[in-house]
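Worksheet: one structure, shown below.
Remember, it's a predicted structure, so these values are computed and weren't measured experimentally.
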Amino acid sequence: MSQGGVWLVIVGGMLVTFLTRFSFIGILPAERLPPVFRSGLRYVAPAVLAAIIAPALLLPDGSLNLSLGNYQLLAGLAALAVAVRFRNLWLTIAVGLAVFWLLRTLGG
């Protein structure tokens with residue numbers, strides 16, 4: 001693909017993303033949305049976050065890995081336990097990173 005084609009794809013992607021998001025924010029105010037739709041919007045961010053995190057934890061090599069050698073999964077489970085127990089974002093991130101670093105250091 002030529003350099004002009006790459007820029008065309010980048011700018012086109014930006015426009016499509018902007019227009020898609022603007023259609024919900026700018027054209028249709030939240031107050032005019034049906035209550036069912038508004039309540040469903042609250043779950044978009046957690047669903048997107050789960051869609052990003054789950055493959056990183058479960059498919060570190062591109063295939064399903066549920067073994068004890070999957071350090072990402074073990075660190076994620078430790079972070080989940082901390083999140084459920086303490087409900088503290090920064091502590092959850094710190095514990096997840098610390099467990100991952102410790103496993104990588106000890107496990108090689």
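For the side-chain contact (heavy atoms from CB on, under 4.5 Å) test with Leu58, the passing option among Asn70, Asn65, Ile53, Leu64 is Leu64; the others fail.
Looking only at atom types and distance, the side chain of Ser63 has no donor-acceptor partner in the side chain of Asp61 under 3.5 Å away.
Atom CG in Leu73 sits 10.5 Å away from atom CG in Leu103 (nearest 0.5 Å). To the nearest 0.5 Å, atom CH2 of residue Trp101 and atom CG of residue Leu106 are 8.0 Å apart. Here CG of Leu57 is found 10.0 Å from CG of Leu74. Values are rounded to the nearest 0.5 Å.
Follow the hydrophobic side-chain contacts under 4.5 Å out from Leu97 and you reach Trp90 in the same cluster. Leu41 and Val36 end up in different hydrophobic clusters when Ile, Leu, Val, Met, Phe, Trp and Tyr side chains are linked at under 4.5 Å. In the hydrophobic cluster analysis, where Ile, Leu, Val, Met, Phe, Trp and Tyr join through side-chain heavy atoms closer than 4.5 angstrom, Leu80 is grouped apart from Leu49. Linking Ile, Leu, Val, Met, Phe, Trp and Tyr whenever their side-chain heavy atoms come within less than 4.5 Å leaves Leu15 and Phe18 in two separate clusters.
Around the CZ atom of Arg38, the shell of radius 6.0 Å holds more than 12 heavy atoms that belong to other residues, nucleotides or ligands.
Taking each heavy atom of Gln72 and Pro60 in turn, the nearest pair found is NE2-CB, 3.8 Å. The two atoms that bring Gly96 and Ala79 nearest to each other are CA-CB, 4.0 Å, heavy atoms only.
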